[in-house]
Undergrad: 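For reference, the structure I am asking about is given below.
Since the structure is predicted, the reported quantities are computational estimates derived from the model, not experimental observations.
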Amino acid sequence: MREVDYGVYLVTDRNLCLGRPLMDVVLEAVSGGAGIVQLREKDADTREFVELACAMKAELEGRDVPLLINDRIDVALACGADGVHIGQSDMPYELARRMLGPDAIIGLSVETMEQVYEAEALDVDYLGVSPIFATGTKTDTGRPWGLDGLKEIRSRSRHPLVGIGALGVHNVAEAIRAGADGVAVVSALCSAPSPHEAARELARAVRQARRSL
């Protein structure tokens with residue numbers, strides 16, 4: 001399994017970038033400390049999605065930052081992405097692994113404890129624990145886990161955990177101490193006045209929380 005630092009995990013949302021080019025926001029965040037990027041394009045058509053993914057892959061490859069594609073195996077294959085993030089209603093994990101190969105990073109969202117148990121039988125690279133707290137950024141989610149739920153998953157799962165949902169510099173330390181290996185953020189970086197500074201603060205909070213464990 002590939003070694004990846006999930007500490008600060010950027011999930012993109014062009015609508016939250018305050019009118020700035022998405023690429024600029026992503027590269028600023030990466031320069032500040034975001035260590036992995038998930039390209040999420042819910043509204044783009046396939047050609048636009050592929051072109052953007054190819055451009056982003058070229059930029060991130062030189063910075064040694066993995067690029068994951070949200071949901072779309074075809075786009076991941078087309079751009080040579082490092083992997084995908086899939087939800088429970090997306091392509092089944094086994095088929096995604098078969099198509100992308102053993103070296104691809106594949107993350108899976110879990111919204112119930114039953115899904116956590118089922119994932120124990122899967123060779124996924126990480127679980128996206130969604131949502132930790134309720135968020136307006138993504139509303140088609142299950143009941144928030146909260147920090148107690150995150151702790152319970154940590155005690156029952158062998159996989160790295162990436163928390164997502166209303167996380168920012170004010171509470172990432174709590175999420176790390178509750179068992180998360182990293183925090184996925186959308187608006188905390190996409191809508192930050194300076195994505196570089198926001199990523200730097202998040203990365204610092206993650207490092208400090210890890211040292212306190």
Undergrad: Can you measure from CZ (R154) to CG (L127) and round to the nearest 0.5 angstrom?
TA: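 Between R154 CZ and L127 CG, I get 8.5 Å after rounding to 0.5 Å.
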Undergrad: Let me confirm one number: the CD1-CZ distance from I176 to R211, rounded to the nearest 0.5 Å.
TA: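 Reported value, rounded in 0.5 Å steps: 12.5 Å.
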Undergrad: What orientation do Y126 and Y6 show, parallel under 30°, tilted 30 to 60°, or perpendicular over 60°?
TA: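 Taking Y6 first and then Y126, their aromatic rings sit tilted (interplane angle of 30° to 60°).
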Undergrad: Between E197 and E28, does the side chain to side chain contact (heavy atoms under 4.5 Å, CB included) criterion hold? Intermediate values first, please.
TA: CA-CA 8 Å; E197 288 300 320; E28 270 204 53; over 6 Å; no
Undergrad: Working to the nearest 0.5 Å, report the span between OH of Y9 and CG of L68.
TA: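 Going from OH on Y9 over to CG on L68, the span is 4.5 Å.
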Undergrad: Looking at side-chain heavy atoms only, is the closest gap between L167 and I132 below 4.5 Å?
TA: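 The answer is yes; the side chains approach within 4.5 Å.
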Undergrad: Is the closest side-chain heavy-atom distance between R72 and V84 below 4.5 Å?
TA: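 Not in contact.
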Undergrad: Given the rule in the side chain to side chain contact (heavy atoms under 4.5 Å, CB included) test, do L22 and E41 qualify, once you have shown the distances and angles that lead to the verdict?
TA: CA-CA 11 Å; L22 178 61; E41 288 290 324; 3.5 Å; yes
Undergrad: Let's go through V162 and V183 carefully: what are the C-alpha distance in whole Å and the side-chain angles of both, what is the deciding distance for side chain to side chain contact (heavy atoms under 4.5 Å, CB included) to 0.1 Å, and is it a yes or a no?
TA: CA-CA 5 Å; V162 177; V183 290; 6.0 Å; no
Undergrad: Taking all atoms of both residues into account, what is the closest heavy-atom pair of L27 and L60, and its distance?
TA: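 What the structure gives for the nearest pair is CD2-CD2, 4.2 Å.
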Undergrad: Can you check whether Q115 reaches L108 side chain to side chain, under 4.5 Å on heavy atoms?
TA: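 The answer is no, as the side chains (C-beta and beyond) never meet within the 4.5 Å cut-off.
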Undergrad: So, taking the atom named OG in S194 and the one named CD in E201, what distance separates them when rounded to the nearest 0.5 Å?
TA: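 S194 OG to E201 CD: 10.0 Å, rounded to 0.5 Å.
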Undergrad: Is there a donor-acceptor pair closer than 3.5 Å between any side-chain N or O of R14 and the backbone N or O of R20?
TA: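 Judged by distance alone, no pair lies under 3.5 Å.
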Undergrad: Honestly curious: do L18 and L189 fall in one hydrophobic cluster under the side-chain, below-4.5 Å linking rule?
TA: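 Looking at the clustering, L189 is in a separate group from L18.
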Undergrad: Side chains of Q38 and I69: does their closest heavy-atom pair fall under 4.5 Å?
TA: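 The answer is no; the side chains never approach within 4.5 Å.
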Undergrad: Could you check whether any side-chain heavy atom of R207 comes within less than 4.5 Å of a side-chain heavy atom of L202, counting everything from C-beta outward?
TA: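 No - every pair of side-chain heavy atoms lies 4.5 Å or more apart.
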Undergrad: With side chains defined as the heavy atoms from C-beta onward, is the minimum distance between V185 and V11 less than 4.5 Å?
TA: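 Counting from C-beta outward, V185 and V11 never come under 4.5 Å.
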Undergrad: Just how far is it from atom SG of C190 to atom CZ of R40, taken to the nearest 0.5 Å?
TA: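 Here the rounded value is 8.5 Å.
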Undergrad: Without swapping roles, check the side chain of H196 against the backbone of G33 for a donor-acceptor pair under 3.5 Å.
TA: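 No; judged by distance alone, with no hydrogens or angles, the pair does not exist.
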Undergrad: Please report the interatomic distance OG(S130) to CD1(I164), rounded to the nearest 0.5 Å.
TA: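 Here the rounded value is 6.0 Å.
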Undergrad: Would the distance check show the side chain of D82 and the main-chain N or O of L67 forming a donor-acceptor pair, the cut-off being under 3.5 Å?
TA: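 Judged by distance alone, yes, a pair lies under 3.5 Å.
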Undergrad: Let me see the working for S31 and R200 under side-chain hydrogen bond (donor to acceptor under 3.5 Å, both in side chains), right down to the final yes or no.
TA: CA-CA 8 Å; S31 72; R200 196 165 65 90; over 6 Å; no
Undergrad: At their closest point, which heavy atom of A166 faces which heavy atom of F133, and how far apart are they?
TA: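 Result for this residue pair: CB-CB, 3.7 Å.
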Undergrad: Verify the cluster assignment for F49 and V25: are they in a single hydrophobic cluster under the rule of side-chain heavy atoms below 4.5 Å apart?
TA: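 As far as the 4.5 Å side-chain criterion goes, V25 and F49 are not connected within one cluster.
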Undergrad: Should we count CZ of R47 as having more than 12 external heavy atoms under 6.0 Å?
TA: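 For R47, atom CZ is not crowded (no more than 12 foreign heavy atoms under 6.0 Å).
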Undergrad: Looking only at non-hydrogen atoms, find the nearest pair between G83 and A76 and report the distance.
TA: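 It is O-CB, 4.1 Å.
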Undergrad: Keeping the roles fixed (side chain from S191, backbone from A188), state whether a donor-acceptor pair exists under 3.5 Å.
TA: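 Such a contact is absent between S191 side chain and A188 backbone.
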Undergrad: Quick check: do V116 and T112 have side-chain heavy atoms less than 4.5 Å from each other?
TA: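 Contact flag for V116/T112 side chains = no.
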Undergrad: Just do the side chain to side chain contact (heavy atoms under 4.5 Å, CB included) check on Q88 and V110 with the steps written out, would you?
TA: CA-CA 7 Å; Q88 293 290 329; V110 290; 4.1 Å; yes
Undergrad: Search all heavy atoms of G163 against all heavy atoms of A180 and return the closest pair with its distance.
TA: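 Shortest heavy-atom separation between G163 and A180 comes out as N-CB, 4.4 Å.
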Undergrad: Run the salt-bridge test on R177 and E174 with the 4.0 Å N-O cut-off and return the result as yes or no.
TA: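 Salt bridge absent between R177 and E174.
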Undergrad: How close do S187 and L16 get, counting heavy atoms only, and between which atoms?
TA: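 Scanning both residues, the minimum pair turns out to be CB-CD1, 4.0 Å.
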Undergrad: Identify all side-chain donor-acceptor contacts of residues 90-98 below 3.5 Å with residues at least two apart in sequence or on another chain.
TA:
unit_1, atom_1, unit_2, atom_2, d
D90, OD2, G87, N, 2.5
Y93, OH, R97, NE, 2.9
Y93, OH, R97, NH2, 3.4
Y93, OH, D123, O, 2.8
R97, NH1, G101, O, 3.1
R97, NH1, A104, O, 2.7
R97, NH2, D123, O, 3.3
R97, NH2, D125, OD1, 2.9

Undergrad: For residues N70 and K42, determine if any side-chain heavy atom of one lies less than 4.5 Å from a side-chain heavy atom of the other.
TA: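 Heavy-atom side-chain distance check passes, below 4.5 Å.
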Undergrad: Measure across P131 and G165 and return the closest heavy-atom pair with its distance rounded to 0.1 Å.
TA: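 Where P131 meets G165 most closely, the heavy atoms are CB-CA, 4.2 Å.
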Undergrad: Do the side chain of D181 and the main chain of L161 share a donor and acceptor less than 3.5 angstrom apart?
TA: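 It does hold such a pair.
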